[in-house]
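What follows is one structure encoded as structure tokens, with my remarks underneath.
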Amino acid sequence: MKVNVLVVYSSKHGGTQGIAERIGERLRNDGVAAAVRDVRDVNDLTGYDAVVLGSAVYMGSWRKDASDFAAHHRTELAARPVWLFSSGPLDEPALANPKPVLELVAQLGARGHQVFPGALHKAGLSLGEKLMVAAVARRSHNMTGDFRDWPQIDAWADGIAEALVKSPFQVRSRMAPTSGI
Ligand SMILES: Cc1cc2nc3c(=O)[nH]c(=O)nc-3n(C[C@H](O)[C@H](O)[C@H](O)COP(=O)(O)O)c2cc1C
């Protein structure tokens with residue numbers, strides 16, 4: 001039976017969603033069953049053997065619904081292989097660990113965290129976001145554009161597929177004795 005992976009994401013303007021969809025596509029090409037869902041559409045992890053959880057980064061932090069998802073499903077996630085990704089930096093050095101990634105890696109025993117360059121198109125931004133982008137851009141560089149690195153994303157997904165196919169694992173809840181009778 002194929003390993004079944006849930007790729008779940010939180011995206012405000014679609015850039016992170018695109019990364020999640022690419023990861024799902026790549027996993028499927030690698031022979032792993034993968035479903036891609038918005039965090040808001042997932043209530044239950046039953047049936048998934050492993051989870052890839054990603055969020056866009058705003059003001060140094062994951063989006064709240066992604067952090068809430070991790071907190072709400074903490075026990076289920078900790079029982080499975082989990083990988084995390086963040087989509088953020090725009091043509092600049094990555095913030096290594098946006099909040100609350102370090103805590104999540106520890107709590108969930110995540111197998112890895114990857115920061116991917118993101119995308120930003122001014123057209124979709126709120127006025128507040130435009131002002132923030134303008135303030136940052138004044139002191140550094142032009143932040144708009146699509147900096148997503150598809151070969152990097154594919155390579156990361158390949159590593160996940162390889163880890164799942166190569167090293168046998170079981171969801172911990174499934175390993176519990178089913179009955180003493
Ligand atoms: C107002 C604003 C604040 C941002 N803050 C950060 C940040 O603190 N760190 C970071 O790496 N990227 C930051 N970004 C870049 C976004 O994370 C990037 O555009 C990301 O790809 C957006 O993902 P989404 O399209 O899925 O919402 C910011 C973007 C905006 C518009």
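Counting starts at 1 for both ligands and their atoms, following the listed order. Keep in mind that this is a model prediction, so the values were computed, not measured. In what follows, residues are counted from 1 in the order of the sequence shown.
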Is there a polar contact between ligand 1 and [X], counting only N or O atoms under 3.5 Å apart?
X: Gly15; value: yes
X: Lys12; value: yes
X: Leu120; value: no
X: Thr16; value: yes
X: Gly14; value: yes
X: Ser87; value: yes

More than 12 heavy atoms from other groups under 6.0 Å of NE2 on His121:
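Buried by this count: over 12 neighbours within 6.0 Å.
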Is it the case that atom NZ in Lys64 sees more than 12 heavy atoms from other parts of the structure closer than 6.0 Å?
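Incorrect, the count does not exceed 12.
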Are [X] and [Y] packed together at the side-chain level, in the sense that at least one heavy-atom pair is separated by less than 4.5 angstrom?
X: Trp156; Y: Val52; result: yes
X: Glu25; Y: Val36; result: no
X: Arg148; Y: Arg22; result: no

Give the atom numbers and elements of ligand 1 that come within less than 4.0 Å of a heavy atom of [X].
X: Ser11; result: 24 (P), 26 (O), 27 (O)
X: Ala119; result: 18 (C), 19 (O), 20 (C), 21 (O), 22 (C)
X: Gly118; result: 21 (O)
X: Gly60; result: 7 (C), 8 (O)
X: Met59; result: 3 (C), 4 (C), 5 (N), 6 (C), 7 (C), 8 (O)

Option among [options] that satisfies the side-chain contact (heavy atoms from CB on, under 4.5 Å) test with [X]:
X: Leu84; options: Arg111, His113, Gln114; value: His113
X: Leu45; options: Thr75, Val8, Leu6; value: Leu6
X: Leu27; options: Leu164, Val5, Asp158; value: Val5

Looking only at non-hydrogen atoms, the one of Gly128, Ser10, Gly88, Ser86 nearest atom 12 (N) of ligand 1 is Gly88
